[in-house]
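This chain uses plain numbering: 1 for the first residue, then up along the sequence.
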Amino acid sequence: MFVISDFDGTLAEFSTDPMNVPINHTAVRALDELAALPGVRVAILSGRSLEHLTQLVDVSDAVILAGSHGAETLGLNTVPSAEQQEQLKKLDQELDKLLHGGAWVEVKPFGRVLHTRAMTSGAAELEAQAKRIPFGGRLQEGKAVVEFSVSNASKGDWIRANRKPGESVIFLGDDVTDETGFAVLADGDTGIKVGAGETKATVRLADVEEVGHYLTDLVESLRSAQE
């Protein structure tokens, strides 16, 4: 079994301070316990940069950490090409022109994310302006974010590349970017959507707190089955 979870909106609540988000420690502890069980692998697969993810998440080395939607995996050295770096430089210049009213840009090795959660007004218009920026890479919308990436990596690609033959997958996520992960799940896998919104997932949990309960119950169920 391979248990894979998104971070923001799944293991942690949202916050206007992205490096001070309320983390559900019950859920994170359950992931650590799952990773210690025979035949179970665990990963946290986030849109955040790997640098930020490792700063925020305190888990055992048995838990795989992957950032930038799978473009970065802890232990693997991946850097943007010279062409990609030039794309990002031009993008930075355009995004700088838009910043006002609490909007800010998160810098990732393979992309930039415009955050509008802290804005009291004008967020929709600012996001619309951002989407009109000439950009040759991939653009994704999320919850109060517009993300630009020079990498084609997606969570679905990462799941396909990292699951082992015959291994069932449980994938938990809350945002539009997690839909690529749900889309690659096969018979016997479980996709779990956290919160509202259309989804390809087959199971739905209301919020981050329910994720903690679900993962804790999963630990107990697998332990009982292995006794």
Side-chain angles (χ1 to χ4, degrees), residues 1-14 21 23-24 26-37 39-48 50 53 56-57 59-60 62-74 76 138 140-143 145 147 149 151-222 225:
M1 178 180 291
F2 197 9
V3 181
I4 308 166
S5 178
D6 178 36
F7 180 70
D8 292 288
T10 305
L11 300 177
E13 304 285 357
F14 291 104
V21 291
I23 297 173
N24 186 323
T26 298
V28 174
R29 183 170 59 250
L31 290 179
D32 255 340
E33 293 174 348
L34 285 167
L37 295 176
V40 181
R41 295 195 303 141
V42 174
I44 297 176
L45 175 58
S46 175
R48 284 184 182 257
L50 187 58
L53 186 62
L56 287 166
V57 179
V59 289
S60 71
V63 177
I64 302 166
L65 296 182
S68 298
H69 304 287
E72 303 178 279
T73 301
L74 192 62
L76 300 180
R138 186 178 63 185
Q140 298 182 94
E141 295 180 70
K143 296 177 179 177
V145 299
E147 179 163 359
S149 178
S151 167
N152 290 322
S154 72
K155 293 182 179 180
D157 291 337
W158 191 92
I159 291 171
R160 267 196 302 240
N162 287 274
R163 73 182 303 168
K164 294 180 179 180
E167 189 174 51
S168 63
V169 170
I170 296 175
F171 176 53
L172 302 94
D174 75 298
D175 209 344
V176 176
T177 57
D178 298 307
E179 290 300 318
T180 63
F182 298 138
V184 303
L185 299 183
D187 290 343
D189 296 337
T190 304
I192 301 173
K193 167 77 170 180
V194 182
E198 293 185 10
T199 185
K200 297 181 179 69
T202 55
V203 176
R204 192 182 295 269
L205 299 176
D207 50 30
V208 172
E209 184 176 359
E210 281 202 6
V211 171
H213 296 321
Y214 173 86
L215 291 174
T216 300
D217 289 345
L218 181 61
V219 171
E220 296 305 317
S221 174
L222 292 176

* Asked: How far apart are the closest heavy atoms of Leu31 and Ser5, and which atoms are they?
  -> CD1-CB, 4.5 Å
* Please identify each residue that fulfils side chain to side chain donor-acceptor pair (under 3.5 Å) with Ser151, with sequence neighbours left out. => none
* Structure fact -> Residues Leu185 and Val169: closest non-hydrogen pair is CD2-CG1, 3.7 Å
* Asked: Sequence neighbours excluded, which residues qualify as side chain to side chain donor-acceptor pair (under 3.5 Å) partners of Thr216?
  -> none
* Asked: Roughly how far apart are Glu33 CD and Ser60 OG, rounded to 0.5 Å?
  -> 10.5 Å
* Asp175 and Lys143: which non-hydrogen atoms are nearest, and at how many Å? -> OD2-N, 3.3 Å
* Test salt bridge (charged side-chain N to carboxylate O under 4.0 Å, His left out) applied to Glu220 - qualifying residues, sequence neighbours left out -> Arg223
* With Thr73, which residues qualify under side chain to side chain donor-acceptor pair (under 3.5 Å), at least two apart? -> Trp158
* **Non-hydrogen atoms of Val194 and Gly9 that approach each other most closely** => CG1-O, 3.5 Å
* List the atom of Leu53, the atom of Ala66, and the distance in Å for their closest heavy-atom pair. => CD2-O, 3.5 Å
* Please tell me if the side chains of Ser154 and His69 come closer than 4.5 Å, counting only heavy atoms from C-beta onward. => no
* **Partners meeting salt bridge (charged side-chain N to carboxylate O under 4.0 Å, His left out) with Glu147 (sequence neighbours left out)** => Lys108
* Does any non-hydrogen side-chain atom of Val176 lie less than 4.5 Å from one of Gln140? -> no
* Are Ile64 and Asn162 close enough that some pair of their side-chain heavy atoms sits under 4.5 Å apart? -> no
* Asked: Any side-chain heavy-atom pair from Leu56 and Arg48 closer than 4.5 angstrom?
  -> yes
* Asked: Which of these passes side-chain contact (heavy atoms from CB on, under 4.5 Å) with Phe7: Leu45, Leu65, Val28, Val21?
  -> Val21
* Pairs satisfying salt bridge (Lys or Arg N to Asp or Glu O under 4.0 Å), at least one member in residues 196-208, at least two apart -> none
* To do: For Val203, check side-chain contact (heavy atoms from CB on, under 4.5 Å) against everything at least two apart and list the hits.
  => Thr190, Ile192
* Asked: If you look only at pairs with a residue in residues 174-210, which of them pass as a ring-ring contact (aromatic ring centres under 6.0 Å, His included), with sequence neighbours excluded?
  -> Phe171-Phe182
* Asked: Does the side chain of Leu215 reach to within under 4.5 Å of the side chain of Leu11, using non-hydrogen atoms?
  -> yes
* **Qualifying salt bridge (Lys or Arg N to Asp or Glu O under 4.0 Å) pairs, either residue in residues 155-166, two or more places apart** => Asp6-Lys155, Lys155-Asp178, Asp157-Arg160, Arg163-Asp189
* Structure fact -> With sequence neighbours left out, the residues meeting side chain to side chain donor-acceptor pair (under 3.5 Å) with Glu209 are none
* Test salt bridge (charged side-chain N to carboxylate O under 4.0 Å, His left out) applied to Glu13 - qualifying residues, sequence neighbours left out -> none
* To do: Might you point out which heavy atoms bring Ala153 and Gly70 nearest each other, and give the distance in Å?
  => CB-C, 4.1 Å
* **All salt bridge (charged side-chain N to carboxylate O under 4.0 Å, His left out) counterparts of Lys193, not counting sequence neighbours** => none
